[in-house]
Amino acid sequence: MASYKGIGGTVYKLQKEISSGGEGTVYTISDPSLVAKIYKPQRFKTPVERSTMERKLLAMIKTNIKTTIDGMMRLAWPIDVLYENGEMVGFIMPKVNSSRKIYDIYRGGRNSVRNREHPDNDWKYLVIYSYNLAWIVNYLHENGIVIGDLNQNNIIVDTQTGAVILIDCDSFDITDKTSGEHFPCEVGLEEILAPELQSVNVLKMGKFTKESDIFSMAIHIFRLLMNNENPFGGISSNQSSSSMIAGNRDIIIGDSPYYTSKTGKKLPPRCLEMSFLPPEIEALFKKTFDYNERNAVSKIKERPPARKWAEALALYGAPEPNPRLKRCQKNRRHVYPAHNKSCPWCAISKHTDDPFSSPTATSGVSHGYSGHGVVAGGQNAGAIARSNTGTANAPAMRGVTSGTINRPYRQAPTVIRRKPTLLYTVMLIFGVISGFVFGDIASNLLTSSFDVSFSSTLCTSVMSVLGVIAAILTANWIKDKYIRANNAIPWLLLSLGVLAAPPIAVAALALVAALVLGILYIIGGLIVIFLIFSFFWGS
């Protein structure tokens with residue numbers, strides 16, 4: 001087999017061909033963790049096209065994008081460029097061991113890959129895969145990368161770890177951070193392209209953005225969560241990417257039967273209603289898919305970023321017990337959002353093949369479901385947790401803590417430098433002191449304002465209580481920043497603001513009371529005048 005040199009002179013000898021596509025062929029090499037992609041001769045029509053791809057690959061390697069994060073592979077990202085006689089012929093990338101595309105996972109039913117190979121999978125697993133897709137999209141976006149062709153053939157699911165792996169990364173929309181040169185994505189699949197790209201005849205003349213990535217990502221998440229239904233329906237089944245896009249009319253005009261159909265589409269009985277979804281997630285779909293041909297462009301910026309999707313999905317992928325989820329008593333694999341009053345899977349199974357049917361589906365065996373979900377942090381978090389029976393639990397969701405996701409990995413991890421004990425103590429002390437500092441002042445102010453005696457002891461006690469309440473609220477508000485700050489003193493100095501809270505509250509109360517009394521005096525005066533007038537008028 002042929003041998004090629006890398007950027008630094010490393011020699012890579014090709015071994016076995018493992019796959020071939022329209023642009024290139026992938027081979028194993030001596031390092032079992034890596035593979036080589038060699039472009040086919042017809043991939044480049046001119047030397048300029050080959051040179052452009054070479055610069056793009058070099059720009060990608062210069063970025064700080066990681067292929068493996070927290071022990072889980074995420075991207076088949078180029079890590080070296082291959083040359084033959086000084087000419088770029090391909091690149092080296094990590095080997096993807098899983099062969100399952102995302103469509104293998106969002107297809108359910110008795111004869112589906114998901115049910116045959118993963119009979120433990122329930123809806124919560126699909127939430128976790130959705131989360132990991134949103135996570136990797138967010139990771140790329142926060143590192144300045146636009147994906148572009150996010151079609152279902154470019155998304156691999158590792159069912160052993162739960163990781164979502166993006167491949168064909170050399171088609172991504174890349175900008176060289178050093179030179180500023182832009183290498184646009186030139187291919188796309190019309191059934192997942194955003195409406196602003198549907199009418200572009202040659203995609204390299206269009207503009208892929210983070211928002212167009214979100215649109216495509218949302219379609220995949222919709223299919224995962226909604227039993228493989230497409231939010232627009234009637235979509236072409238063409239599975240190949242092309243640089244020429246005819247345009248998908250349903251997406252262009254926003255013709256979704258789940259929202260306001262422009263052509264009178266209706267949902268067949270086999271479909272879940274949007275009310276099935278948790279409100280946090282349904283709202284994200286609505287902001288992404290609820291548009292029409294006239295306002296589609298103006299609504300592009302309303303599409304929620306990938307971070308928002310990950311945060312919402314994390315709530316429903318959290319470990320058991322998770323009060324946001326219910327399990328059907330008739331079928332242990334029927335797991336659904338807790339706001340549903342009855343099992344939606346049982347309801348649609350009357351009209352179609354049960355999405356979670358399997359030989360053990362009604363046996364009452366939990367398949368290790370209890371406790372599965374988010375595993376936050378740690379090198380071993382990517383591995384599947386196992387119950388005492390040895391049954392695999394749901395795969396890990398990376399970087400999740402109480403519905404939030406970590407910062408992008410290009411930044412140093414957040415460090416907790418101190419406990420909040422001192423902050424609360426200082427705040428409470430100043431809250432109590434406030435009563436003693438302003439108690440007498442409040443007593444004199446209230447007594448003179450209302451001509452009623454307000455004792456100094458009473459005012460001091462009330463103001464101390466108000467100070468304590470203000471201290472607790474303020475401490476809760478700034479706690480997260482205080483425990484991570486390099487310098488804690490500025491946050492502790494905010495305790496001085498607690499001193500002012502009680503007198504401000506009392507002054508506001510006095511003002512309101514004065515206004516009320518004034519209004520009462522006015523009303524009383526008007527009543528007296530009315531009575532006097534009525535007396536003389538009657539006499």
(message) Before we go on, tell me: are the rings of F183 and F172 under 6.0 Å apart, centre to centre?
(response)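 When the ring centroids of F183 and F172 are compared, they turn out to be at least 6.0 Å apart.
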
Do any N or O atoms from the side chain of [X] and from the backbone of [Y] form a donor-acceptor pair under 3.5 angstrom?
| X | Y | value |
| --- | --- | --- |
| D173 | V146 | no |
| D104 | V113 | no |
| K326 | N340 | yes |
| N115 | G109 | yes |
| R74 | I136 | no |
| S212 | A194 | no |
| R327 | V335 | no |
| H141 | P305 | no |
| W77 | M60 | yes |
| E190 | N248 | no |

Taking atom types as modelled and ignoring hydrogens, do the side chains of [X] and [Y] form a donor-acceptor contact shorter than 3.5 angstrom?
| X | Y | answer |
| --- | --- | --- |
| D120 | Y125 | no |
| Y106 | Q152 | no |
| R114 | N121 | no |
| D149 | S171 | no |
| N227 | R107 | no |
| N331 | H334 | yes |

What pair of heavy atoms forms the shortest contact from [X] to [Y], and how long is it?
| X | Y | result |
| --- | --- | --- |
| V187 | F208 | O-CZ, 3.7 Å |
| S216 | I192 | OG-O, 2.6 Å |
| I156 | I167 | CG1-CG2, 3.9 Å |
| P355 | I348 | CG-CD1, 4.0 Å |
| V137 | A306 | CG1-CB, 3.9 Å |
| V35 | P94 | CG2-O, 3.9 Å |

(message) I'd like to know whether F222 forms a ring pair (Phe, Tyr, Trp, His ring centres under 6.0 Å) with Y258, so could you lay out the CA-CA distance, the side-chain angles of the two residues, the decisive distance to 0.1 Å, and finally the verdict.
(response) CA-CA 11 Å; F222 193 95; Y258 291 90; 4.9 Å; yes

(request) Report the C-alpha separation of K262 and E293 in whole Å, then their side-chain angles, then the decisive distance to 0.1 Å, and conclude whether the salt bridge (Lys or Arg N to Asp or Glu O under 4.0 Å) test is met. (result) CA-CA 10 Å; K262 315 303 183 293; E293 192 172 8; over 6 Å; no

So [Y] and [X], do their side chains get closer than 4.5 Å, heavy atoms only?
| X | Y | value |
| --- | --- | --- |
| I219 | P231 | yes |
| D290 | F285 | no |
| V164 | I102 | no |
| L140 | L75 | yes |
| T288 | E302 | no |
| Y336 | C328 | yes |
| I61 | I79 | no |
| Y139 | I65 | yes |

(request) Could you tell me whether K101 atom NZ has more than 12 heavy atoms of other residues or ligands within 6.0 Å of it? (result)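 Atom NZ in K101 is crowded, with more than 12 foreign heavy atoms closer than 6.0 Å.
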
Could you measure the distance from the [atom1] atom of [X] to the [atom2] atom of [Y]? Nearest 0.5 Å is fine.
| X | Y | atom1 | atom2 | answer |
| --- | --- | --- | --- | --- |
| L315 | N322 | CG | CG | 8.5 Å |
| W345 | D354 | CH2 | CG | 9.0 Å |
| W135 | I128 | CH2 | CD1 | 15.5 Å |
| M217 | N138 | CE | CG | 9.0 Å |
| Y291 | I251 | OH | CD1 | 6.0 Å |
| I253 | F232 | CD1 | CZ | 10.0 Å |

(request) Could you check K207, R303, K301, K299 and say which one makes a salt bridge (Lys or Arg N to Asp or Glu O under 4.0 Å) with E196? (result)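 Per the salt bridge (Lys or Arg N to Asp or Glu O under 4.0 Å) rule, the option paired with E196 is R303, out of K207, R303, K301, K299.
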
(request) Would you sort out whether V26 and M93 count as a side chain to side chain contact (heavy atoms under 4.5 Å, CB included), showing the intermediate values? (result) CA-CA 10 Å; V26 178; M93 61 183 174; 4.1 Å; yes

(request) Just do the side chain to side chain contact (heavy atoms under 4.5 Å, CB included) check on W123 and L225 with the steps written out, would you? (result) CA-CA 7 Å; W123 188 74; L225 301 184; 4.0 Å; yes

(message) Less than 4.0 angstrom from a charged side-chain N to a carboxylate O is my criterion; do R270 and E229 meet it?
(response)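 Salt bridge: yes.
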
(message) Using a strict threshold of under 4.0 Å (side-chain N to carboxylate O), is an ion pair present between E320 and K124?
(response)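 So K124 pairs with E320 through a salt bridge.
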
(message) Is there a side chain to side chain contact (heavy atoms under 4.5 Å, CB included) between D158 and M73? Walk through the geometry before answering.
(response) CA-CA 9 Å; D158 186 340; M73 185 181 172; over 6 Å; no

(request) Check the pair R100 / E117 against side chain to side chain contact (heavy atoms under 4.5 Å, CB included), numbers first and verdict last. (result) CA-CA 11 Å; R100 288 298 168 216; E117 298 183 5; 2.5 Å; yes

